[in-house]
Amino acid sequence: QVHLTESGGGWVQAGGSLRLTCVASGDTFTNYVMGWFRQAPGKEREFVAAISWSSRSMPYSDSVKDRFTISRDNAKNTCFLEMDNLKPEDTAIYYCAAWEESASILSMTLASRSSSYNSWGQGTQVTVSS
C-alpha cells in the first residue's frame, strides 16, 4: 500500500489558479492509477480527475474539464492537479488517492468510483472566494 501526502491548497479569488501536489511513498508508484477527489461541506466526496500510470488516460469530471489538468512525474513519485479559472463552487477539501491498477486506458466508471482506490491522503483545503 502506498502512503500519500498532499500539499498546495490555500485561498484564492475566483478566476485564480492553484497547483496541488501529491507525493507517494512506500510502494512502486507506477503500479498505481492516481486520482483526485474533493469533498465540500455537507456534500459527498466527488471525483475530480484520474491518470493512468502511463499518463495515456486522464478522465475528468464534467465540472472541472477544460479548467483542471492532472499530470504525474513517475521519476519523482508525484502527481499534480493544476487548477485554473477557479470558481467558488470548487471550494472543498481535495484528496489524492491511489488505485492499484495496471491498465493504460481507464474506465471512467471505475476511475470515478472512490471504492476503486485503497490509499488516500489526508486532504488539503482549497477555498475560492467570489
Side-chain angles (χ1 to χ4, degrees):
Q1 195 167 357
V2 66
H3 179 73
L4 304 173
T5 303
E6 304 102 331
S7 61
W11 177 89
V12 65
Q13 287 190 320
S17 298
L18 283 173
R19 188 193 202 200
L20 305 184
T21 299
C22 174
V23 178
S25 61
D27 201 350
T28 304
F29 188 58
T30 51
N31 286 348
Y32 295 88
V33 168
M34 299 302 297
W36 288 94
F37 288 75
R38 66 187 183 185
Q39 187 166 18
K43 295 188 177 181
E44 293 187 355
R45 188 172 297 188
E46 65 171 353
F47 170 75
V48 174
I51 185 167
S52 62
W53 73 270
S54 63
S55 299
R56 284 186 61 193
S57 183
M58 292 172 283
Y60 293 89
S61 72
D62 288 342
S63 61
V64 307
K65 197 175 295 183
D66 300 326
R67 298 189 298 121
F68 290 12
T69 303
I70 190 170
S71 62
R72 64 190 292 163
D73 183 340
N74 288 339
K76 297 182 178 179
N77 292 353
T78 303
C79 180
F80 305 97
L81 185 69
E82 179 72 35
M83 305 184 294
D84 298 317
N85 190 21
L86 282 159
K87 303 176 181 180
E89 51 265 40
D90 294 318
T91 295
I93 299 174
Y94 283 71
Y95 297 90
C96 176
W99 168 25
E100 194 164 8
E101 170 57 54
S102 60
S104 281
I105 305 300
L106 302 178
S107 156
M108 179 63 167
T109 300
L110 293 177
S112 63
R113 191 178 296 169
S114 60
S115 59
S116 296
Y117 299 81
N118 55 9
S119 296
W120 292 83
Q122 81 286 354
T124 185
Q125 176 71 47
V126 171
T127 303
V128 185
S129 65
S130 57

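Because only heavy atoms are used, hydrogens play no part in the values below, and waters and symmetry mates are left out as well, while side chains stay in.
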*asked:* Does the Lys NZ or Arg CZ of Arg72 fall within the cation-pi geometry relative to Phe29 - under 6.0 Å from the ring centre and within 45° of the axis?
replied: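 Cation-pi check for Arg72 and Phe29: passes.
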Aromatic Tyr95 / basic Arg45 pairing, under 6.0 angstrom, 45° off normal =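 Yes, a cation-pi geometry holds between Arg45 and Tyr95.
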query = Using 4.0 Å as the upper bound for N to carboxylate O, is an ion pair formed by Lys87 and Asp90?
reply =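 Not counted as a salt bridge, because no side-chain N and carboxylate O are separated by less than 4.0 Å.
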Margin query: Please evaluate residues Arg56 and Ile105 with respect to the criterion side chain to side chain contact (heavy atoms under 4.5 Å, CB included), reporting the C-alpha separation (whole Å), side-chain torsions for both, the decisive distance (0.1 Å), and the verdict.
Written below: CA-CA 7 Å; Arg56 284 186 61 193; Ile105 305 300; 3.9 Å; yes
Report the distance from atom [atom1] of [X] to atom [atom2] of [Y], rounding to the nearest 0.5 Å.
X: Phe68; Y: Leu81; atom1: CZ; atom2: CG; result: 6.0 Å
X: Ile51; Y: Ser71; atom1: CD1; atom2: OG; result: 6.0 Å
X: Trp36; Y: Ile70; atom1: CH2; atom2: CD1; result: 8.0 Å
X: Asn74; Y: Ser54; atom1: CG; atom2: OG; result: 8.5 Å
X: Asp66; Y: Asn85; atom1: CG; atom2: CG; result: 10.5 Å

_ILVMFWY network linking Val12 to Ile93, side-chain heavy atoms under 4.5 angstrom_ =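 Unlinked, Val12 and Ile93 end up in two clusters.
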query: For the hydrophobic clusters of this structure (ILVMFWY residues joined by side-chain heavy atoms under 4.5 Å, transitively), does one cluster hold both Val2 and Val23?
result: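 Result: no, two separate clusters.
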Are [X] and [Y] close enough that some pair of their side-chain heavy atoms sits under 4.5 Å apart?
X: Phe80; Y: Thr69; result: no
X: Trp53; Y: Val33; result: no
X: Ser114; Y: Phe37; result: yes
X: Leu4; Y: Trp120; result: no

Ser107 (side chain) donor-acceptor with Leu110 (main chain) under 3.5 angstrom: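 At least one qualifying donor-acceptor pair exists.
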Notebook entry, point to check: Quick one: does Glu6's side chain have a donor or acceptor within less than 3.5 Å of a partner on Gly123's backbone?
Noted result: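 Yes, Glu6 side chain to Gly123 backbone: donor-acceptor pair under 3.5 Å.
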Distance-only side-chain donor-acceptor flag, Ser7 / Thr21, under 3.5 Å =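 Note: Ser7 and Thr21 side chains miss the donor-acceptor criterion.
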Using distance alone, with no hydrogens and no angle criterion, decide if Asp84 and Ser17 have a side-chain donor and acceptor under 3.5 Å apart.
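A pair is found: one side chain offers a donor N or O, the other an acceptor, under 3.5 Å apart.
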[X] versus [Y], closest heavy-atom pair with distance:
X: Tyr117; Y: Ala50; value: OH-CB, 3.6 Å
X: Ala111; Y: Trp99; value: CA-CZ3, 3.7 Å
X: Met34; Y: Ala98; value: SD-CB, 3.9 Å
X: Leu20; Y: Met83; value: CG-CE, 3.7 Å

### side chain to side chain contact (heavy atoms under 4.5 Å, CB included) assessment of Gln125 paired with Thr127
CA-CA 6 Å; Gln125 176 71 47; Thr127 303; 3.4 Å; yes
Query raised in the report: Can you list the steps and then say if Arg38 with Ser63 is a side chain to side chain contact (heavy atoms under 4.5 Å, CB included)?
Result: CA-CA 12 Å; Arg38 66 187 183 185; Ser63 61; 3.4 Å; yes
task: Evaluate the criterion side chain to side chain contact (heavy atoms under 4.5 Å, CB included) for residue pair Met108 and Phe47; output intermediate values, then yes/no.
output: CA-CA 10 Å; Met108 179 63 167; Phe47 170 75; 3.6 Å; yes
- Can you tell me if the gamma sulfurs of Cys96 and Cys79 fall under 2.5 Å?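 Between Cys79 and Cys96 there is no disulfide, given that their SG atoms are not under 2.5 Å apart.
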Verify the neighbour count for atom CD of Gln122: are there more than 12 heavy atoms of other residues, nucleotides or ligands below 6.0 Å?
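Yes, because the 6.0 Å sphere around CD of Gln122 holds more than 12 heavy atoms from other groups.
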